[in-house]
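Just below is one structure, and these are the notes that go with it.
By convention in this document, chain letters (A, B, ...) are assigned in the order of the sequence lines, proteins followed by strands, and residues within each chain are numbered from 1.
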Amino acid sequence: MEFVIRKNDLVHELQTIAGVVEKRATLPILSNLFLEAKEDGLHIRASDLEVNIRGAVKATVVQNGTITLPAAKLLEISRSLPDAEVQFKLRDNNQMAISCERSRFKLAGQLADDFPDFPELGSVPVSLPGKVLRSMVERVSFAITMEDPRYSLNGALLKVESSGICLVATDGHRLAYCHQEMKLDVPKAGVQVIVPRKALAEVLKLSADFGDDDKVEFGMKGNHVFFRLAGHELVSTIPEGPFPSYENVMPEACAISVPVPTADLLSAVRRVALMASDRYGKAVRFALSSGKLELSYESDMGNAQESLPVEYDGESVEIGFNARYFQDFLNVVGTDNVLLELDPVKSGEGPSGTAGDKPGQLRPEPSGNTDYRYIVMPMHLL
Amino acid sequence: MMASQHQPRVILHLDMDAFFAAVEVRDNPDLAGKPVIIGHPGPRGVVATCSYEARKFGVRSAMPSTTAQRLCPDGIWVRGRMDRYSEVSRKIRERMRECTPLVEPLSIDEAFLDLTGIVKDLEGGAGIGRRLKEMIVRDHDLTSSVGISPNKFLAKIASDLEKPDGLVLFPLEAVKTRLWPMPVERLWGVGPKTGERLLAGGVHRIEHLAARPESAIASLVGMRAARHLQALARGEDDRPVVPSREAKSISSERTYETDLTDPDDIDRAFLARSEHVARELRKDHLDARTVHIKIRTGDFTTWTRATTLAEPTCLAEVIVKAAREMYLARIDLHGKGIRLLGVGTSHLAPAGSGQPSLFPDPLEERARKLARATDEVRDRMGEKSVTRARLLKKK
């Protein structure tokens with residue numbers, strides 16, 4: 001096995017693919033990347049047994065062959081090399097000799113035979129508009145749980161129907177929902193599948209340079225889902241469901257809907273949260289009254305208060321929200337204003353002047369064919 | 001630290017006298033004047049505590065029960081009732097907090113109070129000490145011993161000087177006459193190892209520590225320890241009284257007479273411990289975020305594991321699930337039996353301060369209702385009035 005490749009091409013490809021490699025892999029070989037030199041260039045694969053990715057990059061191949069090399073070290077070495085041609089030549093005992101100008105490395109590899117096969121899914125894909133999908137992933141994937149043991153929450157629900165695309169993610173406390181209305185050439189029943197967090201992160205990475213016409217091919221077969229984009233193929237196992245019945249927690253209509261400037265709200269939440277302690281959770285008090293929205297937090301250390309002028313002349317309402325949940329959404333929403341929507345307890349239903357246990361909703365002012373919502377469960381104010 | 005340079009502090013240490021045994025004697029007057037030993041007399045039991053009558057025979061806390069039986073063959077063994085003791089302890093602590101918010105509980109039966117600024121001097125502190133002692137006698141018919149001094153170290157030494165039912169003022173001036181003649185083992189930080197080294201260097205009593213140059217002590221125990229010990233020997237200790245309203249952890253463990261090997265027995269043991277911990281959490285209106293387990297096998301190998309829950313909880317169902325998972329997935333006993341099994345919780349926060357879920361788990365909702373109902377019955381009828389069928393003894 002022998003090939004020559006430009007350093008920048010190599011680094012770019014390694015950075016794209018190595019994200020799939022687990023830092024603490026269950027099988028040692030999964031810390032490696034699979035490299036195959038063929039007539040048409042260098043093919044690289046990574047796998048964590050759930051998510052698999054492969055792509056090809058231009059290279060001058062002198063002799064075909066395969067090997068696996070430790071991903072982290074290979075990336076580290078490649079990055080450090082001068083901006084020039086890099087020669088790879090496989091020596092005895094799976095030693096890969098890497099040379100670039102006056103640098104020489106020998107990196108111990110492992111036989112490629114032990115590397116998991118790439119799942120070949122020969123099914124017909126649906127073509128999705130790349131930029132639209134990318135923007136949906138950006139807006140939703142932050143709400144995927146990091147720690148919930150419920151496996152089904154470890155991904156986002158993707159629905160592709162003839163009338164549009166829908167992506168939903170939740171960690172059990174908050175939920176991000178994005179629906180894009182559009183005509184798609186999809187079988188009538190549509191497709192509905194949970195996509196793991198890591199696969200979505202790869203979709204984001206691969207679509208970074210997308211133009212308006214770039215497409216993502218998407219499909220599923222058996223318990224796998226696949227995406228093809230930017231010259232790469234991504235195949236992932238589908239987490240076991242069921243996905244929570246999110247429709248039930250999405251408010252149909254909220255009694256209160258107040259526009260608030262996104263940037264002002266974000267900085268106010270950030271500042272107030274400085275006084276919040278992890279110990280008692282970060283329940284910031286949101287008090288909405290005539291003409292203003294007040295945010296406050298009290299802890300053992302002291303307290304913080306913020307006041308934002310808003311267009312509101314209804315009854316006073318108080319509700320607690322986790323500051324971090326607000327920041328997560330306000331960071332990605334990308335519009336000048338957001339609507340803060342609450343459904344306060346009606347008299348006789350519980351303590352009035354609070355929102356009880358009903359979730360609050362944040363969303364951009366509706367525009368075009370996009371329906372983007374963020375639903376957050378309130379916290380008890382102690 | 002803090003005010004110590006400017007204004008002498010007034011620190012009070014209160015220690016209940018033979019607490020568990022005293023509670024038992026009070027609840028069962030037939031035991032009065034007899035050598036009562038709290039603990040389990042089996043081959044694996046240890047003495048939790050004992051009455052002063054039993055101490056006369058040489059019985060001590062943490063002593064193996066077999067030794068205690070040999071020393072005091074006529075001792076009356078009583079099984080400890082932790083629930084009862086913690087209930088009394090809680091009430092006494094409430095009384096302390098009426099004196100000052102700066103109450104630092106050390107364990108179930110002792111605490112420090114910082115009375116600086118509340119009283120003028122140590123005499124004033126003694127006044128509060130006397131009142132506290134009287135209140136505890138009146139409310140609970142129990143005696144306690146109190147030490148008052150400008151710092152924690154001397155206050156603790158003082159409360160021990162005239163036990164039981166003592167009250168000792170320990171000003172700095174008393175260091176020479178009362179502290180220096182004591183053996184060095186009385187100092188905090190002198191365990192068996194350090195003690196041995198000091199003895200080897202001819203340092204037997206605290207006065208020897210105070211008299212030698214720092215370098216001489218440092219050559220025996222190292223610089224840091226030398227500084228710490230000499231400061232104590234001079235009666236200096238600037239650690240503040242840190243009030244902790246809530247316990248930092250709540251746990252429950254049990255040693256078994258015969259090692260547990262049957263998976264079903266082990267599983268039930270986890271449930272019993274978890275149930276106990278959950279009940280304590282609910283009594284204190286707390287939710288826990290972290291669950292720990294502790295396993296000791298017959299050969300005294302000890303295993304501990306911890307995990308963080310997605311949501312803080314006070315439910316036995318949730319705690320036992322986490323405990324079982326840790327046991328099954330993260331401990332391999334290689335077929336050895338379990339001598340001790342414990343379940344604990346930490347990262348405690350006020351109940352209900354967590355983040356409610358968008359999708360409440362119906363099973364958890366049911367467990368919550370069940371817990372509320374059984375708590376009510378137990379509050380009225382006692383802890384044993386309700387139990388899980390799974391925990392009933394096999395006939």
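- Evaluation of the salt bridge (charged side-chain N to carboxylate O under 4.0 Å, His left out) rule for K283(B) yields E280(B), E383(B) as partners, not counting sequence neighbours.
- Scanning all heavy atoms of the two residues, the minimum distance from M377(A) to L358(B) falls at SD-CD2, 4.0 Å.
- Distance alone, capped at 3.5 Å, places no donor-acceptor pair between the S357(B) side chain and the H173(A) backbone.
- Between chain B and the residues V376(A), I375(A), T170(A), the most heavy-atom pairs under 4.5 angstrom are made by T170(A).
- More than 12 non-hydrogen atoms from other residues, nucleotides or ligands lie less than 6.0 angstrom from NZ of K159(A).
- In this structure, CG on D171(A) lies 9.0 Å from CZ on F359(B), to the nearest 0.5 angstrom.
- Closest approach of P356(B) to P378(A), counting heavy atoms only: CD-O, 3.1 Å.
- Atom CZ of R390(B) has more than 12 heavy atoms from other residues, nucleotides or ligands within 6.0 Å.
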